[in-house]
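Let me begin by presenting the structure, written as structure tokens, before commenting on it.
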Amino acid sequence: MPVLSYIEAITAAMDEEMERDDRVFILGEDVGKRGGVFRATDGLYNKYGAERVIDTPLAESAIAGVGIGAAMYGLIPIAEMQFADFILPAVNQIISEAAKLRYRSNNDWSCPITIRAPYGGGIHGALYHSQSVEAIFANQPGLKIVMPSSPREAKGLLKAAIRDPDPVLFFEHKRAYRLLKEEVPIEEEVIEIGKANQVRAGDDITVITYGLCVHFAKEAAQQLNDEHGIEVELLDLRTVYPLDQQAIVHAAKKTGKVLLITEDNKEGSIISEVSAIIGEQCLFDLDAPIKRLAGPDVPAMPYASSLEKAFIVNQDKIKQAMLELAQF
Amino acid sequence: MTKHKEIGLSDQAVVDMYRIALTARRLDERMWLLNRAGKIPFLVSCQGQEVQQVAAAFALERGKDYTAPYYRDVGVVLALGMSVQDLMLQAYAKAEDPNSGGRQMPGHFGSKKLKMLSGSSPVTTQVPHAVGIGLACKMRGEDAISFVTLGEGSTNQGDFHEGANFAAVHKLPVIIMVENNQYAISISLKQQVACEKISDRAVGYGMVGETVDGNDPFAVYQAIKTASQRARNGEGPSLVEAISYRLTPHSSDDDDLTYRTAEEVREAKAKDGLLSFKKYLKENNLLSDKKEEELEAAIKKEIDLANEYAEAAPSPDPDTLYQGVYQ
């Protein structure tokens with residue numbers, strides 16, 4: 001099995017889907033000749049040409065809206081937002097249009113678009129190149145939100161997103177792009193959207209998270225096991241909307257001690273909803289208050305290293321929170 | 001030679017155009033009665049814009065081209081094949097409403113069968129969609145073009161700018177028709193834009209812009225026909241502004257006399273495109289008084305039947321509430 005980085009896995013997923021189905025195309029800023037500012041579309045312009053890897057004017061609402069129109073026609077667009085932070089001008093198109101199109105037309109029209117965007121901090125991106133924006137979209141039935149945690153996951157989930165008959169927001173952690181590498185099978189793997197993944201089995205505490213935090217939680221869990229013999233049950237949500245309630249409830253009941261982690265601001269985040277699900281369905285199975293580890297409630301991640309470090313959820317903070325919960 | 005023949009419209013075609021425009025007007029008038037009688041909760045009116053709507057639709061290749069009509073386009077959707085009964089079903093929010101099965105308010109059109117994109121309430125979002133259709137037609141080598149309408153107030157929205165610019169940069173087969181009826185609810189044209197004509201905005205996008213009298217069916221037909229030829233020839237998008245006047249309040253919930261005078265409306269009614277269209281047909285012996293009477297009677301009967309049918313039709317089953325969120 002070849003070893004791929006997170007971003008190489010994403011490029012490979014798009015390449016394979018474009019090869020498989022000539023209705024699949026890419027549009028976004030700098031995605032063509034430049035191959036994307038992060039190089040996610042590297043090589044695709046040369047392989048598929050300017051017609052299927054379209055450099056657009058700098059206008060996010062048009063990138064989403066034109067993609068939605070092409071999806072209504074029957075094509076399968078992959079729209080790239082250069083940074084998740086810059087998706088906000090396209091929110092009306094995503095929430096008022098893509099999310100509601102099937103419902104408002106009584107199943108007559110549909111919108112099979114995938115909108116990719118790099119999110120997350122820890123790369124000195126400051127306020128506007130570091131944000132997690134998934135919570136903005138996570139109460140909009142009609143949308144699906146996928147946030148992969150590893151190269152293999154990224155490839156299999158992106159292929160599923162592209163094949164999905166409904167709009168999917170696909171948030172990729174930009175720090176994971178070159179940080180994470182793993183073996184990815186050559187044979188085709190499509191990972192079902194809407195299903196969480198048990199990353200690690202354990203009996204002492206349950207950790208539920210998604211995206212790059214899964215990687216840090218996995219590392220921290222191994223350290224805790226080595227140092228303290230604590231066994232961590234780790235659940236990767238994969239799809240943060242709609243949530244896999246069954247998997248969440250099962251994992252929470254298993255240990256009765258639950259730590260929820262997100263890099264996003266704490267209030268009204270994905271893990272707030274996960275917490276509510278557990279509160280509603282597992283109250284009498286809990287042995288400790290639900291614990292949440294998240295970004296602080298300040299507007300966004302600042303630029304200075306000292307402030308960035310103070311803001312961001314990292315492996316040490318996760319390990320500490322796990323230990324506290326285990327010792328409760 | 002008559003005006004309509006000069007631009008390639010047959011006698012039958014102009015009579016059909018008039019019939020559909022008149023149907024749109026009479027249907028709209030009936031909707032007001034039904035609303036005031038408490039039978040339908042809401043309507044948003046097409047009165048004053050029917051002629052330009054029907055003329056524009058006739059300039060397209062109906063059945064082949066894609067359209068993204070805005071909420072006043074009763075004339076457009078009737079010309080494209082939606083029936084009076086379909087629109088009555090929509091007004092009563094009945095399960096059989098082909099636009100949305102009773103989920104959306106009246107004026108929110110859409111039909112995949114008619115290649116008519118489903119629309120929403122936030123204005124102008126349909127412009128990028130129409131551009132996406134144009135992009136798809138170009139990518140797939142399809143001869144169809146994409147026609148989108150909006151009000152003049154909507155040209156202030158970012159989606160108008162973003163969509164128009166995208167279409168022009170990529171030379172897409174798109175026609176953007178602005179139905180300038182002088183008002184965005186209560187805000188008059190002068191409070192909306194500082195440029196002389198909405199079509200002036202085309203210059204900034206590098207596309208052809210043209211302003212025509214929306215009360216003149218032939219001027220509108222010719223402008224859209226020419227724009228469609230440009231689109232089909234790969235010469236890119238066009239911006240056509242059709243000027244008319246909104247003869248009614250914005251919607252059934254609006255009172256237009258809080259912001260404009262009855263006299264102003266009266267003057268506009270005298271210039272109603274439907275009246276001048278009728279005069280033209282009569283002068284050219286395409287419509288007699290007797291035929292007019294028959295036409296009015298036939299339209300009334302069609303609306304009566306549609307009303308009876310729609311009122312009696314079943315409402316959507318509450319159990320269907322959860323259907324169609326995802327496939």
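Predicted model, so just to flag it, every value in this text is computed and none were measured. Chain letters run A, B, ... following the sequence lines, proteins first, then strands; residues in each count from 1. Note that these values count all heavy atoms, side chains included, but never hydrogens, waters or copies made by symmetry.
- Between Tyr73(A) and Arg140(B) the shortest side-chain heavy-atom distance falls below 4.5 Å.
- With a 4.5 Å cut-off on side-chain heavy atoms, Pro242(A) and Tyr326(B) count as touching.
- Inter-residue side-chain proximity for Ser118(B) and Leu101(A) is flagged as met; some heavy-atom pair is nearer than 4.5 Å.
- Interface remark: Asp166(A) contributes side-chain atoms only to the contact with chain B (heavy atom separation under 4.5 Å).
- Scored by the salt bridge (charged side-chain N to carboxylate O under 4.0 Å, His left out) test, Asp164(A) finds Lys144(A) as partners (sequence neighbours excluded).
- Of the residues considered (Glu51(A), Glu60(A), Glu97(A)), Glu97(A) shows the highest number of contacts with chain B, using heavy-atom pairs under 4.5 Å.
- Between Leu75(A) and Ala136(B), the closest heavy-atom pair is CD1-CB, 3.5 Å.
- Looking at Ile54(A), the atoms closer than 4.5 Å to chain B (heavy atoms on both sides) all sit in the side chain, from C-beta outward.
- Proximity to chain B at a heavy-atom threshold of 4.5 Å picks out Asp22(A), Arg23(A), Phe25(A) from residues 18-25 of chain A, in numerical order.
- Of residues 88-96 of chain A, those residues lying under 4.5 Å from chain B by any heavy-atom pair are Asn92(A), Gln93(A), Ser96(A).
- Of the atoms belonging to Met105(B), not a single heavy atom falls under 4.5 Å from chain A.
- Applying the side-chain contact (heavy atoms from CB on, under 4.5 Å) test between Arg104(A) and each of Gln104(B), His108(B), Arg103(B) identifies Gln104(B) as the sole match.
- Gln327(B) and Pro165(A) make their closest contact through OE1-CG, 3.3 Å (heavy atoms, listed as atom of the first residue, atom of the second, distance).
- Taking 4.5 Å as the heavy-atom cut-off, the residues of residues 156-166 of chain B that approach chain A are Asp159(B), Glu162(B), Asn165(B), Phe166(B), ordered by number.
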